[in-house]
Structure formats: C-alpha cells, structure tokens
Participant: 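There's a structure below that I have some questions on.
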Amino acid sequence: MQGCHTGVWRNQYVFEGHVPARLIRQFLANPPKDSIGLSVPGMPQGSPGMYRGGEFEPYVVYQIQKNGEYRFYEKVTAPEAS
C-alpha cells in the first residue's frame, strides 16, 4: 500500500500516495468502521499530480484497515478536476 507521500489527519487517519482530495473529504465525512485511511499504491499515471493530459489510466484507491489489511474503496475512472 506504499505510495510516495503520506498525510496524517489529527493523528487519527493516514492518506498514502496520490489519493484524490474528493475521496479524502468523502472518507473524513463518514469514516468506514475499523479503517485508518486510504492509499493509492505506487504512482499511477492518472492520479492527481501524475496526470499531464492525454490518455488516462484508471487506478484503484484502497481503504486501510486497523488490523493492517486493506480493501477496495473506489476505482477512479476519469481525471480529477483541479
């Protein structure tokens, strides 16, 4: 689940990698039970900060669980608006 950037919110939640801001806001508005954050592993070409126009490569955002496991959160299928 490792990405290139790590954000921590109020020492409670972690956001790893190029997670779109809208998904961070969505997560914080209603944090899923037993989760500690979101991750976009690696540096996908279509993720925020990595998209330069042209073809877009969809990528997956994962939810990180308190027990160290992860699960699917959302597939991003279009570039995020700036």
Side-chain angles (χ1 to χ4, degrees):
M1 294 291 98
Q2 185 176 356
C4 55
H5 307 286
T6 303
V8 179
W9 187 80
R10 295 188 178 175
N11 289 326
Q12 187 174 7
Y13 298 112
V14 64
F15 301 96
E16 180 69 19
H18 292 248
V19 180
R22 73 172 176 85
L23 293 181
I24 293 172
R25 288 190 298 270
Q26 176 180 299
F27 178 92
L28 291 173
N30 189 22
K33 182 175 170 45
D34 296 325
S35 64
I36 62 167
L38 300 175
S39 177
V40 173
M43 297 175 67
Q45 281 290 47
S47 63
M50 297 300 296
Y51 181 67
R52 305 275 188 260
E55 279 195 45
F56 174 82
E57 292 182 28
Y59 60 96
V60 174
V61 178
Y62 295 94
Q63 177 181 311
I64 305 167
Q65 299 301 109
K66 286 181 181 178
N67 65 4
E69 295 180 3
Y70 61 91
R71 62 177 59 158
F72 175 86
Y73 187 74
E74 185 171 311
K75 184 171 187 175
V76 179
T77 59
E80 298 288 316
S82 301

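We're numbering straight along the sequence, starting at 1. Everything quoted here is computed from the prediction, not taken from an experiment.
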Participant: Return the CD to CG distance between Gln63 and Leu38, rounded to the nearest 0.5 Å.
Facilitator: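 Going from CD on Gln63 over to CG on Leu38, the span is 7.0 Å.
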Participant: For a quick test of your reading: what N or O donor-acceptor pairs under 3.5 Å do the side chains of residues 72-79 make, sequence neighbours left out?
Facilitator:
{"unit_1": "Tyr73", "atom_1": "OH", "unit_2": "Gln26", "atom_2": "NE2", "d": "3.0"}
{"unit_1": "Glu74", "atom_1": "OE2", "unit_2": "Arg22", "atom_2": "NH1", "d": "3.2"}
{"unit_1": "Glu74", "atom_1": "OE2", "unit_2": "Arg22", "atom_2": "NH2", "d": "2.7"}

Participant: Which salt bridge (Lys or Arg N to Asp or Glu O under 4.0 Å) pairs, counting each pair once, include a residue from residues 30-40, with sequence neighbours left out?
Facilitator: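 As it turns out, there is no salt bridge (Lys or Arg N to Asp or Glu O under 4.0 Å) pair with a partner in residues 30-40 once direct neighbours are skipped.
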Participant: Just grab all the salt bridge (Lys or Arg N to Asp or Glu O under 4.0 Å) pairs involving residues 60-72, residues at least two apart or on different chains.
Facilitator: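 Found none.
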Participant: For residues Pro20 and Val61, report the shortest heavy-atom separation together with the two atoms involved.
Facilitator: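 Closest approach of Pro20 to Val61: CD-CG2, 4.2 Å.
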Participant: Mind checking ring-ring contact (aromatic ring centres under 6.0 Å, His included) for Phe27 and listing every partner two or more places apart, or none if nothing turns up?
Facilitator: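 Phe27: ring-ring contact (aromatic ring centres under 6.0 Å, His included) contacts with Tyr13, Phe15.
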